[in-house]
Amino acid sequence: MSDRYEAQGIEAKWQKKWQASGIDAAVDDDERASYYCLVMFPYPSGNLHMGHVRNYCLGDAVARYKRMNGFNVLHPIGWDAFGLPAENAAIKHQRPPAEWTYANIDQMRVQLKRLGLSYDWSREIATCDPAYYRWEQWLFTRLMEKGLAYQARAEVNWCDPCHTVLANEQVVDGNCWRCDTAVQRKNLKQWFIRITAYAEELLTDLDKLSGWPDKVVGMQRNWIGKSSGAEVSFAMVDSDETLEVFTTRPDTLMGVTYMAVAAGHPLAKKAAENSPELALFLEECSKISTKEADVETMEKKGMATGCYALHPITGDAVPVWVANFVLMGYGTGAVMSVPAHDARDFDFAHKYGLSIKQVIRPLEGEWPIEDAAFTEPGQLINSAQFDALTSAQAKQMITTWLADNGKGGERVQYRLRDWLVSRQRYWGAPIPVIHCQQCGAVPVPDAQLPVLLPTDLQPTGGASPLNECDAFRYVDCPRCGERAERELDTFDTFMESSWYMDRYTSSNHDSGMLDSDAMRRWAPVDQYIGGVEHAVLHLLYARFYHKLMRDAGLFSSAEGGDEPFKNLLTQGMVLKDGTKMSKSKGNTVDPKAIIERFGADTARLFTLFAAPPEKELEWNDAGVEGGHRFLKRVWRLLEKLDVADGEADDAAVKQLRRSIHITVQRVTHAFEHGFAFNVAIAALMELTNNLQDYQPKGASGQAAYREGVELLATMLAPFVPHFACELGELLGMQQMAVMADWPQVDAAALEQHEITLVVQVQGKKRGEIKVAKDIDQQGAMAAAEANAAVQKWLVDMQIVKVILVPGRLLNIVVKPA
RNA sequence: GCCGGGAUGGUGGAACUGGUAGACACAAGGGACUUAAAAUCCCUCGGUAGCAAUACUGUACGGGUUCGACUCCCGUUCCCGGUACCA
């Protein structure tokens, strides 16, 4: 036995053994129950950061625990390899993004392996591999056939000098990040996927996600944002056109005093033709970034168009305004405004001197409508035939009136918008469409898939180099054979990350997108673990995509489920000095340095111990050393094996065995409920302290001690697998610790007949009493009154009430006698 | 702005479903061992008062419910995440 714990040698040794024995492979044909544990795959930025380490240590602990419980575990890894950073790096280093990406993948793979994570590497995926993205192209052509993929115009951030579309991230305070020019909105024809067609299923299936955090389910529900209301059609004065709006408050319809349309609305553009002033305002509106946060926080501005619309019920003419906070491509790009009953409309009306008409009043009392909008439901006033109705009644009556008179009717609206999948960028999967003068947008036929992305082009910071690549750009139309052009946009990278979880079940399947047999065995994912920042977009798109693949016939509900992720754990971020680690702030911690100094097990232990998984983790270098010290302390427990003699102390043995099995219970509980590994590791530390303090005397004392150290090694295996294996070997355990059976709680060891009961007087702790486990209130009361510390609080007091919480405390409520 | 989450000692955190606030660590201080250092071990460690026993006080802030509140309710402040082209 080596008397010092040397991590580097031990870790290399066990990693080799695990690889040789193939214990990490998921077996497709196996009798054992299967379990699919998935961590969010990384973007290959080049270096593993602490957020990755945290994510993968959590996943590895779960995967290893499940293996020790007899499951056939699928625990895969891969690379979300397309995206913007590769293009930025490409510009900086003057090398094609593919080169940078693959070099990073190689580097990060080494780092992951060094951590001793139990991945099935035979299933590794890189999304920039044509063998992967070809299936996404294939599915897209099917969606086109079904009408679920379509082209429409949408606004993008545009930088004129750079001649390129900017990502929101590249817009800094309304300016281009590279040249600092003011960003403009530009309207481009782009591809969408009709996620709104699945809005209802995405919403109702949230009820199936009992294994998801409530907050994520709630965020998705809000994001989908189902609201029922009415569609209202306003006729225009001096024109045959109508202005369509949606409202959730048809009961306030009689209070409409003006209309507001987006700057991009055709009506606004038309009005601007005769008004230079309005044209200037529209120009100004086009300079706001497309970010929601910017749109919502900017100063609300508007200008009259000079046009009027007719109120559908009263026939009154109401002015139509252009407002910078109304968005085109969001509903109909027009809203009806009821300043008396909407806070934003109220402010706007005040600012521009528009009239305010109160049509709802509180059910009780009065409301000072001059001071603020009344936004609650109430009773109708100033509403002609609808007067005296409640808001709820009026919603119905007015909606019915609209339907009866052909001016609208009931409508359900979702906040969710269709998924814009076009990106005007190079480093992404090509959209498999050929634009032909004769035939229009033609999907690339299966036989011509994949549409290979040329990997040798050099981005410049301007438009995508695909525009200049004639060999890629010009092709023959698959339908008519005439010369045509490829679509030059690439897919949003969320496309790749939306189906990888299902692809892992058959990563190497080359005759189809998915293998339904593999889906039946592995899908859906039993446990998904990743950053909370993906709570809405990624997780919503992945749920959607899973359903799209199901409906494309790739698997049935019975085979793959209707939802891709059964259980979800959202981990918090890793912080340093209170903020997110980032290179620009210079507060990064390189996992490599920690691994080199203390070993992978220490890095793993600390990331799991420092904070509960769903919370932010504040990095602390000193804490890492503490983790390392703990491992060294465990190591030294070996010194007391088989050395002590003397008489066994029965009470001490009983106490130790109780402590051992309480630990088994606590650690198991952590794995089965909520993954509070920080508490589980604390429990293992406590057991270590108890074992350290224990003097193993006699045969039974030595046996209890050995049991404790062996179970400690076993329970450490999911967290610090190399260390646990080495310890297990030194203990002479039959199997590798990582393959040992997970320990069972010995119920007999937990039993105790005497307990400590806390005694409170007036809810304040005044003493403790030792009593029988199942003592009744009378007995407990007698013991309490006999206790000196308690007694003095009862002097001259009359006992009003006594509360016994069995096994916990006794509270005595008194009042002066 | 909107949606979601959070706030407990010097620090990270613990406290099961409303029942002993501060488990387990880190840091700090004191001590043992050592020629010395490292390593290791022991002690102290929310605040105030006290030699101590102990008492009072304390879970962001202001109210409330309860025999009893870190936990539930109402209101406020600050911090973090998302906000549809970062992934």
Side-chain angles (χ1 to χ4, degrees), chain A residues 4 40-43 45 80 82-85 88 154 156-157 165-171 190 213-216 218-219 221-223 225 290-298 300 325 344 415-425 492-494 497 531-538 540-541 570 572-573 575 578-580 606 609-612 614-627 629-630 632-633 636 669 673 676 678-679 681-686 689 692 756-768 789 800-803 805 808-814:
Chain A
R4 281 196 63 193
M40 289 183 185
F41 64 168
Y43 177 80
S45 60
D80 189 14
F82 276 134
L84 205 52
N88 296 337
V156 294
N157 300 307
V165 173
L166 298 176
N168 278 337
E169 193 187 49
Q170 299 171 315
V171 179
Q190 306 190 65
D214 289 344
K215 68 165 177 176
V216 176
M219 283 164 88
R221 181 167 285 123
N222 287 335
W223 187 264
T290 59
K291 290 183 201 175
E292 192 197 347
D294 290 345
V295 173
E296 292 293 325
T297 52
M298 72 193 169
K300 307 290 182 286
F325 56 84
R344 189 168 65 182
R415 202 189 79 97
L416 180 69
R417 313 192 311 244
D418 276 338
W419 181 8
L420 199 171
V421 295
S422 299
R423 295 292 181 269
Q424 296 69 41
R425 286 177 227 297
D492 174 8
T493 57
F494 275 126
S497 57
V532 66
E533 65 273 19
H534 297 291
V536 178
L537 291 180
H538 161 61
L540 187 69
Y541 291 141
T570 52
M573 292 196 313
L575 308 178
T579 53
K580 192 171 178 169
F606 178 71
F609 176 63
E614 63 280 359
K615 232 186 132 173
E616 286 160 356
L617 186 159
E618 175 68 34
W619 190 260
N620 174 358
D621 290 323
V624 180
E625 291 190 43
R629 266 203 296 272
F630 166 64
K632 289 196 282 188
R633 259 185 316 127
R636 283 199 305 273
H669 184 266
H673 306 278
N678 56 326
V679 185
I681 291 166
L684 293 169
M685 288 175 167
E686 227 173 316
N689 292 343
Q692 197 174 274
T756 304
L757 203 63
V758 166
V759 182
Q760 295 184 336
V761 179
Q762 308 292 68
K764 289 191 177 187
K765 182 184 170 186
R766 296 302 182 193
E768 285 179 355
V800 178
K801 196 174 175 183
V802 177
I803 294 133
V805 183
R808 288 201 164 272
L809 61 74
L810 181 78
N811 187 17
I812 306 167
V813 186
V814 295

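Since we're looking at a predicted model, the values are computed, not measured. Here is how names work: the chains are called A, B, and so on, in the same order as the sequence lines, proteins then strands, and each is numbered from 1.
Below 30°, between 30° and 60°, or above 60°: for Phe494(A) and His538(A) the angle between ring planes is below 30°, a parallel geometry.
As judged by a 4.0 angstrom heavy-atom cut-off over every strand, Gln424(A) is placed among the base-contacting residues. Residue-level contact check: Val216(A) touches neither bases nor backbone, having no heavy atom under 4.0 Å from any strand. Residue His538(A) is out of contact with every strand shown, counting any heavy-atom pair closer than 4.0 Å. Nucleic acid contact for Phe630(A): none, since no nucleic acid atom lies under 4.0 Å from a heavy atom of the residue. Using a 4.0 Å heavy-atom cutoff across all strands shown, Pro612(A) reaches sugar-phosphate atoms only and no base atom. Residue contacts for Leu416(A): at a heavy-atom cut-off of 4.0 Å it reaches a base atom on one of the strands shown. Note on Val295(A): nothing from the nucleic acid sits closer than 4.0 angstrom, heavy atoms only. Using a 4.0 Å heavy-atom cutoff across all strands shown, Ala535(A) reaches no nucleic acid atom at all. Base contact: Arg415(A) has a heavy atom under 4.0 Å from a base atom. Across all strands, Met685(A) comes closer than 4.0 Å only to sugar-phosphate atoms, never to a base (heavy-atom distances). Residue contacts for Thr297(A): at a heavy-atom cut-off of 4.0 Å it reaches a base atom on one of the strands shown.
Rounded to whole Å, atom P of A69(B) lies 12 Å from atom CD of Gln762(A). Between Glu616(A) atom CD and C78(B) atom P there is a gap of 18 Å when expressed in whole angstrom units. The distance from atom CH2 of Trp223(A) to atom P of G82(B) is 11 Å, rounded to the nearest whole Å. Atom CZ in Phe494(A) sits about 7 Å away from atom P in A87(B), given to the nearest Å. In this structure, CD of Glu292(A) is placed 14 Å from P of G82(B), rounded to the nearest angstrom. In this entry the distance linking CZ of Arg766(A) with C1' of G68(B) reads 13 Å, nearest Å. Rounded to whole Å, the distance from NE2 on His673(A) to P on U17(B) is 11 Å. The CD atom of Glu296(A) sits 18 Å away from the P atom of G82(B) (whole-angstrom rounding).
The OG1 atom of Thr297(A) sits 10.0 Å away from the NZ atom of Lys291(A) when rounded to the nearest 0.5 Å. Annotation: the span from Asn168(A) atom CG to Glu292(A) atom CD amounts to 11.0 Å, rounded to 0.5 Å. Separating the CE atom in Met685(A) from the CZ atom in Arg629(A) is a distance of 10.0 Å, to the nearest 0.5 Å. With rounding to the nearest 0.5 angstrom, the CD atom of Gln190(A) is 13.0 Å from the CG atom of Asp418(A).
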*Determine which bases of RNA chain B form Watson-Crick or G-U wobble pairs with both distances under 3.5 Å, and write the result as a 5' to 3' dot-bracket string with | for other-strand partners.*
(((((((..(((......[....))).(((((.......))))).((((....))))..(((((..]....))))))))))))....
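Of all heavy-atom pairs between Ala154(A) and Leu420(A), the closest is CB-CD1, 3.7 Å. Of all the heavy atoms in Phe609(A) and Asn678(A), the pair that sits closest is O-CB, 3.3 Å. Between Leu809(A) and Leu757(A), the shortest heavy-atom contact is N-CD1, 3.6 Å. Between Glu768(A) and Val758(A), the shortest heavy-atom distance links the atoms CG-CG2, 4.4 Å.
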*With the sugar-phosphate defined as primed atoms, P, OP1 and OP2, and the base as all remaining atoms, what B/S/- string results for nucleotides 18-23 of chain B, 5' to 3', for protein heavy atoms under 4.0 Å?*
-BB--B
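Of the candidate nucleotides G4(B), A25(B), A87(B), A87(B) has the atom lying nearest to any side-chain atom of Leu84(A). The side chain of Pro85(A) approaches C86(B) more closely than any other nucleotide in the set C86(B), A84(B), G81(B). Residue Glu533(A) has its side chain nearest to A87(B) when only A25(B), C3(B), A87(B) are considered.
Side-chain contact check for Leu810(A) versus Gln760(A): every heavy-atom pair is 4.5 Å or farther apart. Between Leu416(A) and Leu540(A) the shortest side-chain heavy-atom distance falls below 4.5 Å.
The phosphate of A84(B) has OP1 or OP2 within less than 4.0 Å of a side-chain N or O from Asn168(A). Applying the 4.0 Å criterion to OP1 and OP2 of G6(B), one finds that Lys615(A) has every side-chain N and O outside that range. Note on Arg629(A): a side-chain N or O is less than 4.0 Å away from OP1 or OP2 of A27(B). Note on Arg633(A): a side-chain N or O is less than 4.0 Å away from OP1 or OP2 of A25(B). For the OP1/OP2 pair of C41(B) and a distance below 4.0 Å, the side-chain nitrogens and oxygens of Arg636(A) include at least one atom meeting the criterion.
Separation of the C1' atoms belonging to G46(B) and A36(B) is 37 Å when rounded to the nearest angstrom. Distance check on atom P: G10(B) versus U48(B) gives 10 Å, rounded to whole Å. For G29(B) and U66(B), the P atoms lie 49 Å apart once the distance is rounded to whole Å. With both ends at atom P, the span from C86(B) to A27(B) equals 41 Å, rounded to whole Å. Going from the P atom of C45(B) to that of G1(B) covers 46 Å, rounded to whole Å. Here, G22(B) and G13(B) have their C1' atoms 9 Å apart, quoted to the whole Å. Atom name P, nucleotides A84(B) and C73(B): the rounded distance is 31 Å, in whole Å. Spacing between U20(B) and G82(B) at atom P, rounded to whole Å, works out to 37 Å.
Under the rule for a side chain to side chain donor-acceptor pair (under 3.5 Å), Thr570(A) has no partner lying at least two apart in sequence or in another chain.
Residue Gly218(A) is the one, among Trp419(A) and Gly218(A), whose nearest nucleotide of RNA chain B lies closer to the 5' end (criterion: closest heavy atom). Residue order along RNA chain B, read from the 5' end via each residue's closest nucleotide, puts His669(A) first among His669(A) and Glu169(A).
A donor-acceptor pair shorter than 3.5 Å can be found between the side chains of Arg633(A) and Asn689(A).
Under the 90° criterion around 0 for the glycosidic angle, G9(B) counts as syn.
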